[in-house]
Amino acid sequence: VQLQASGGGLVQAGGFLGLSCAASGTIFRINAMGWYRQAPGKQRELVAAITINGITNYVDSVKGRFTISRDNAKKMVFLQMNSLKPEDTAVYYCYADISYRYWGQGTQVTVSS
């Protein structure tokens, strides 16, 4: 199983970015999927998660600005990030809970002030 993340980049404060993450390999069922991020000098934190039934959970700092969604048929998870702030700058990692937790490679999101 592999997870491939894409969509990071550089954006000005107030702008938006969309992240995508696709799972591939022999997969019968993906339970929760989500995104973590890690800023320089900080611990990795959970940004958003979504269950197989579409129940979502967000860290308080992104509520109302970020939206997580998934496409079960395509085995993908998405993160739409609006009203970005410099403090959102981090490497973002997707994950998928299958037999155990699989991780995608990080994708850099940089928000300039």
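This structure is a prediction, so every number in the text was calculated from the model and none was measured.
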Quiz prompt | Hydrophobic cluster membership, Val11 vs Val47, 4.5 Å side-chain cutoff | solution = yes

Quiz item: Shortest non-hydrogen contact from Cys94 to Val77?
Solution: CB-CG1, 4.4 Å

Quiz item: When hydrophobic residues are tied together by side-chain contacts of less than 4.5 Å, even through go-betweens, does Val59 share a cluster with Met81?
Solution: yes

Quiz item: Shared ILVMFWY cluster between Val62 and Leu84, side chains joined below 4.5 angstrom?
Solution: yes

Quiz item: Rounded to the nearest 0.5 Å, how far apart are CG of Asn57 and OG1 of Thr51?
Solution: 10.0 Å

Self-check item: Polar side-chain atom of Thr89 near backbone of Val111 as donor-acceptor pair, under 3.5 Å
Solution: yes

Exercise. Could you list all the salt bridge (charged side-chain N to carboxylate O under 4.0 Å, His left out) pairs where at least one residue sits in residues 65-81, not counting sequence neighbours?
Key: Arg65-Asp88

Exercise. Taking all heavy atoms of Ile50 and all of Ser69, pick out the closest pair and write down the distance.
Key: CD1-CA, 3.9 Å

Practice problem: Kindly say whether Ile68 contributes a backbone atom to a donor-acceptor pair with the side chain of Tyr58 at under 3.5 angstrom? | Solution: yes

Exercise. Would you kindly confirm whether Leu46 and Ile55 end up in one hydrophobic cluster when ILVMFWY residues are joined by side chain heavy atoms under 4.5 Å apart?
Key: no

Quiz item: Are the side chain of Gln105 and the backbone of Ala5 linked by a donor-acceptor contact shorter than 3.5 Å?
Solution: yes

Practice problem: Show your reasoning for whether side chain to side chain contact (heavy atoms under 4.5 Å, CB included) applies to Ile52 and Asn72. | Solution: CA-CA 8 Å; Ile52 192 170; Asn72 290 331; 4.3 Å; yes

Got a list of side-chain donor-acceptor pairs under 3.5 Å for residues 16-30, not counting sequence neighbours?
residue : atom : partner : partner atom : Å
Arg29   : NE   : Asn31   : OD1          : 2.6
Arg29   : NH2  : Asn31   : OD1          : 3.4

Quiz item: What's the verdict on side-chain hydrogen bond (donor to acceptor under 3.5 Å, both in side chains) for Thr110 and Gln108, showing C-alpha distance, side-chain angles and the deciding distance?
Solution: CA-CA 6 Å; Thr110 303; Gln108 177 71 46; 3.3 Å; yes

Self-check item: Within one Ile-Leu-Val-Met-Phe-Trp-Tyr cluster: Phe66 and Val91, side-chain cutoff 4.5 Å
Solution: no

Practice problem: Please name the pair of heavy atoms, one in Pro86 and one in Ser113, separated by the smallest distance, quoted to 0.1 Å. | Solution: CG-CB, 3.8 Å

Practice problem: Would you mind reporting whether Leu79 and Arg37 have side-chain heavy atoms less than 4.5 Å apart? | Solution: no

Exercise. Enumerate the residue pairs fulfilling ring-ring contact (aromatic ring centres under 6.0 Å, His included) with a member in residues 32-54, sequence neighbours excluded, ordered by first and then second residue.
Key: Tyr36-Tyr95, Tyr36-Trp103

